[in-house]
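Notes to accompany the following structure.
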Amino acid sequence: MGYTQGVIRAAPGSEHDRHGKGVRAILNRFGKALITSAATAAVIGMAAAPAFATAATWTVKPGGATTGKAGTTVVTDVTANQSVTCTSSSTKGSFKKGSGLAGAGIGTVTSLTLSGCSVLGMSISVTLTGTMPVNALAFNSTKKTVAVSITKIHGSLSTSGCSATIDGTGAAAHNGMVKATYMDTGGKLHVLKTGGNLHLYKVNCFGVINNRDSVNFTTTYTLTPKQVITSP
């Protein structure tokens with residue numbers, strides 16, 4: 001009958017045969033292009049992966065128990081545009097020591113006290129409690145500075161007839177966070193106004209401040225002993 005069952009064969013050299021070869025050539029080139037594109041994407045992906053998948057390692061000297069002392073510390077309810085000024089602040093904690101360290105939990109704050117806090121002549125108690133990890137995020141080798149975060153912050157603010165809980169996403173979440181910059185030269189830890197997620201909850205302050213108001217605190221601690229934190 002001129003054909004084999006299930007397969008139609010064009011006569012060699014016919015127009016149909018030439019057309020079929022042309023289509024197969026196009027598909028062949030298209031397939032190679034797809035393979036090349038996939039391979040290129042894989043190479044690009046492999047080149048980009050370390051920035052996301054591989055955490056930088058860190059070196060800390062001397063590590064161990066550390067205290068921090070700061071002067072004026074300001075706590076601000078950004079939403080209500082109200083600030084509390086404290087005459088001083090102190091911290092206690094520790095840092096890991098050695099090299100090849102992960103940035104997450106490279107240090108820990110075990111206590112953070114704000115003293116001499118007042119607004120409009122009223123004394124206010126501001127307390128942050130719990131074990132708060134210090135995380136190294138990025139290192140500027142030119143300025144010898146480290147971008148860090150302090151996490152798992154939980155605390156309270158109170159004065160006569162007014163009280164509130166300080167936390168991150170909820171009153172009992174214990175996930176409050178602030179960003180800071182640590183300067184190897186001088187051993188200064190500067191807590192930044194921006195980049196954190198602190199909010200007020202369980203507020204009972206006659207409408208002066210309210211639930212879910214955004215809050216921050218800023219100050220500069222001098223660490224003793226001075227820690228030298230570098231990467232890699």
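Quick note: numbers below take in every heavy atom, side chains included, and nothing from hydrogens, waters or symmetry partners. The first residue in the sequence is number 1, and the count goes up from there.
- In terms of heavy atoms, Ala173 sits closest to Asp167 at N-OD2, 3.6 Å.
- Contact record, Ala70 with Tyr221: CB-CD2, 3.5 Å, taken as the closest heavy-atom pair.
- No path of Ile, Leu, Val, Met, Phe, Trp and Tyr side chains, each step under 4.5 Å between heavy atoms, connects Val119 with Phe206, placing them in separate hydrophobic clusters.
- Taking all atoms of both residues into account, the shortest heavy-atom contact from Thr131 to Lys152 is O-CB, 3.9 Å.
- Of the possible donor and acceptor atoms, one in the side chain of Thr87 sits under 3.5 Å from a partner among the backbone N and O of Ser115.
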| task | For side-chain contact (heavy atoms from CB on, under 4.5 Å), just list the numbers for Lys96 and Val60, CA-CA rounded to whole Å, side-chain angles, deciding distance to a tenth of an Å, and then say yes or no. | result | CA-CA 7 Å; Lys96 295 177 181 178; Val60 180; 5.6 Å; no
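- To the nearest 0.5 Å, atoms CG (Leu200) and OG (Ser163) are separated by 10.5 Å.
- Listed by first and then second residue, the side chain to side chain donor-acceptor pair (under 3.5 Å) pairs involving residues 190-215 are His190-Thr220 (not counting sequence neighbours).
- Between Ala80 and Ile209, the closest heavy-atom pair is CB-CG2, 4.1 Å.
- Looking at heavy atoms from C-beta onward, Val84 lies out of side-chain contact with Phe217 at the 4.5 angstrom threshold.
- Residue Leu112 holds its CG atom at 7.0 Å from CD1 of Ile150, rounded to the nearest 0.5 Å.
- Leu101 and Val109 fall within a single hydrophobic cluster, where Ile, Leu, Val, Met, Phe, Trp and Tyr are joined by side-chain heavy atoms under 4.5 Å apart, directly or via other members.
- When side chains are defined from C-beta on, Asn81 does not count as touching Val78, because their heavy atoms never get closer than 4.5 Å.
- Using cut-offs of 30° and 60° for the angle between ring planes, the Tyr182 and Phe95 rings count as tilted.
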**Asked** Do Thr73 and Thr219 pass the side-chain hydrogen bond (donor to acceptor under 3.5 Å, both in side chains) test, and can you show the C-alpha distance, the side-chain angles, and the key distance before you say yes or no?
**Response** CA-CA 5 Å; Thr73 302; Thr219 193; 2.9 Å; yes
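- Residue pairs that meet the disulfide (SG to SG under 2.5 Å) test with at least one member in residues 92-125, sequence neighbours left out, are Cys86-Cys117.
- The list of side chain to side chain donor-acceptor pair (under 3.5 Å) pairs with a residue in residues 103-114, not counting sequence neighbours, is empty.
- Under the side chain to side chain contact (heavy atoms under 4.5 Å, CB included) criterion, Lys61 pairs with Thr59, sequence neighbours left out.
- Every pair passing disulfide (SG to SG under 2.5 Å) that includes a residue from residues 171-214 is listed here, sequence neighbours excluded: Cys162-Cys205.
- Put simply, the side chain of Asp184 gets close to the backbone of Ile229: a donor and an acceptor are under 3.5 Å apart.
- Residue Lys143 holds its NZ atom at 9.5 Å from OG1 of Thr181, rounded to the nearest 0.5 Å.
- No side-chain N or O of Thr145 forms a donor-acceptor pair with one of Asn140 less than 3.5 Å apart.
- Checked by atom type, the side-chain pair Thr76/Ser83 shows a donor-acceptor distance below 3.5 Å.
- Listed by first and then second residue, the side chain to side chain donor-acceptor pair (under 3.5 Å) pairs involving residues 222-231 are Thr66-Gln227, Lys188-Thr222 (not counting sequence neighbours).
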Can Asn175 and Thr151 be said to form a side-chain contact (heavy atoms from CB on, under 4.5 Å), step by step?
CA-CA 6 Å; Asn175 65 355; Thr151 53; over 6 Å; no
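- Residues Val178 and Val191 share a closest heavy-atom pair of CG2-CG1, 4.0 Å.
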In sequence, state the C-alpha distance, the side-chain angles, and the governing distance for Leu114 and Thr127, and then conclude on side-chain contact (heavy atoms from CB on, under 4.5 Å). CA-CA 7 Å; Leu114 285 73; Thr127 305; over 6 Å; no
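- Residue Met122 is not grouped with residue Val74 when hydrophobic side chains (ILVMFWY) are merged at heavy-atom distances under 4.5 angstrom, including chains of intermediate members.
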| message | Under the criterion side-chain contact (heavy atoms from CB on, under 4.5 Å), I'd like the reasoning laid out for Ile124 against Val126: C-alpha separation, chi angles, the key distance, then a yes or no. | response | CA-CA 6 Å; Ile124 295 178; Val126 181; 4.0 Å; yes
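- Of all the heavy atoms in Met132 and Leu128, the pair that sits closest is CE-O, 4.3 Å.
- The shortest distance between side-chain heavy atoms of Val148 and Leu189 falls below 4.5 Å.
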